[in-house]
Amino acid sequence: MAESRTWSKASMTAQALGRIDPVTRAIVPPIHVASTYIRDPDNAYSSGFIYGRPDNATIRDTEAVIAMLEEAQAGALLFSSGMAAATACFMALEPGDHVVASAVMYWALRNWLVTEGARWGLEVELAETDDLAKLRAAVRPGRTKLVWVETPSNPLWTITDIAGAAEIAHAAGARLAVDSTCASPFHTRPLALGADIVMHAATKILNGHSDVIAGVLAARERDAYWERIGRIRSGSGAILGPFEAYLLNRGLKTFFVRAAAQARSAATLAERLSHHPLVARVLYPGLPQHPGHDVAARQMENGFGFMLSVQVKGGEQAAIGTAANIRLWKRATSLGGVESLIEHRASIEGPGTPCPPDLLRLSTGIEDPGDLYADLDEALSAAHR
Ligand SMILES: *Cc1c(COP(=O)(O)O)cnc(C)c1O
């Protein structure tokens, strides 16, 4: 009886799968820092480890936790950053392949796609993937090899129907990859919804403490494409360092409590700010008036995430002024950490951004939600005096 019981993801994550170091019985496994491993006298490598660039035991420990979270049959691969993970998915394609990506998505990846991705020979088409009819019109059967979707997507939190996008991609002979950074495994299970690959900037809420740059991919099927991605990581030296992998594993132990608290706070803030006299609009998929709310309610679980944006009355100067007057929130880029961050997003994205100039992006941390609201309320007033 007891052996057949399976524990919840929350329990498994809290204990990093319950692994115990076989040598010392330590409850926290050691950090494997070796760059190289002893070859056996018979010329074999009986441990399976040869050199630090392709693989590492500390990396594997952390990958196993994320593979469990994502229900990834083929496992997970950790990369030196979210961008390294994402770009490996595109570098595993052939020059001439057609790819469709969300028009509203993480700015740096969008830039990479239309510059370096195009130089790689990819034909990149941006589509409003939150409208499945537009996605269907953008894919070219037989020519499109990868559909890349970010949901909720930066910084408007548009929602793409993952199951619908998977059906469209697969019917055209393409794979579906989902950047699930802002949903996190707490809210969305892209592989269970039909995606082939899920990607996270583990820099964000998976690590949760703003002290690691890391990325991860997890896959449903161990096919030739997934193996090529592994070779790209190894060949380009894009594996995560063991210290970062350890920190990420440590951060993951509190992932469920952090994600729950952050989502609860974000929902409270979104609701309260939507009635604020100096706020023109709140963008949060949990609000019934958000254009993606119905799809989000269907495909997200445990709430709607920790990210929201507000459009401030008075335009760009009022938005920048609000950020300037903030005290508890930290004025910084990035997201998903325990400390709440505020950012005037158009300033960092620069010319050509689809981000409205009056928009502030909010990453909700674990501080007292009453304090977070009061700080925003005072900063909004100060900017409008
Ligand atoms: C931060 C982020 C990335 C890139 O991750 P890095 O670790 O900074 O390279 C990609 N996608 C989303 C949605 C992100 O927020």
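Hydrogens, waters and symmetry mates play no part in the numbers below; they use all other heavy atoms, side chains included. Atoms within a ligand are numbered from 1 in the order they appear, just like the ligands themselves.
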Which protein residues have a heavy atom closer than 4.0 Å to any atom of ligand 1, listed by chain and number?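 Near ligand 1, by chain and number: Ser81, Gly82, Met83, Tyr106, Glu150, Asn154, Asp179, Thr181, Met199, Ala201, Thr203, Lys204, Ala214, Leu335.
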Closest heavy-atom pair and its distance - Ala218, Glu70: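 So the two residues come closest at CB-CB, 4.0 Å.
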Aromatic plane relationship, Phe304 with Tyr284 - under 30° parallel, 30 to 60° tilted, over 60° perpendicular: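 Tyr284 vs Phe304 ring planes: perpendicular.
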Would you please classify the geometry between the Trp148 ring and the Phe90 ring as parallel, tilted or perpendicular, with 30° and 60° separating the classes?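 Judged by the thresholds at 30° and 60°, the geometry between Phe90 and Trp148 is tilted.
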With a cut-off of 6.0 Å (strictly less than), are more than 12 heavy atoms of other residues, nucleotides or ligands near CD of Glu339?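 Correct, the count exceeds 12.
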Taking the side chain as every heavy atom from C-beta outward, state whether Leu252 and Ile66 have any atom pair closer than 4.5 Å.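 SC-SC contact between Leu252 and Ile66 confirmed.
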Roughly how far apart are Arg110 CZ and Thr115 OG1, rounded to 0.5 Å?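 OG1 of Thr115 is found 11.5 Å from CZ of Arg110.
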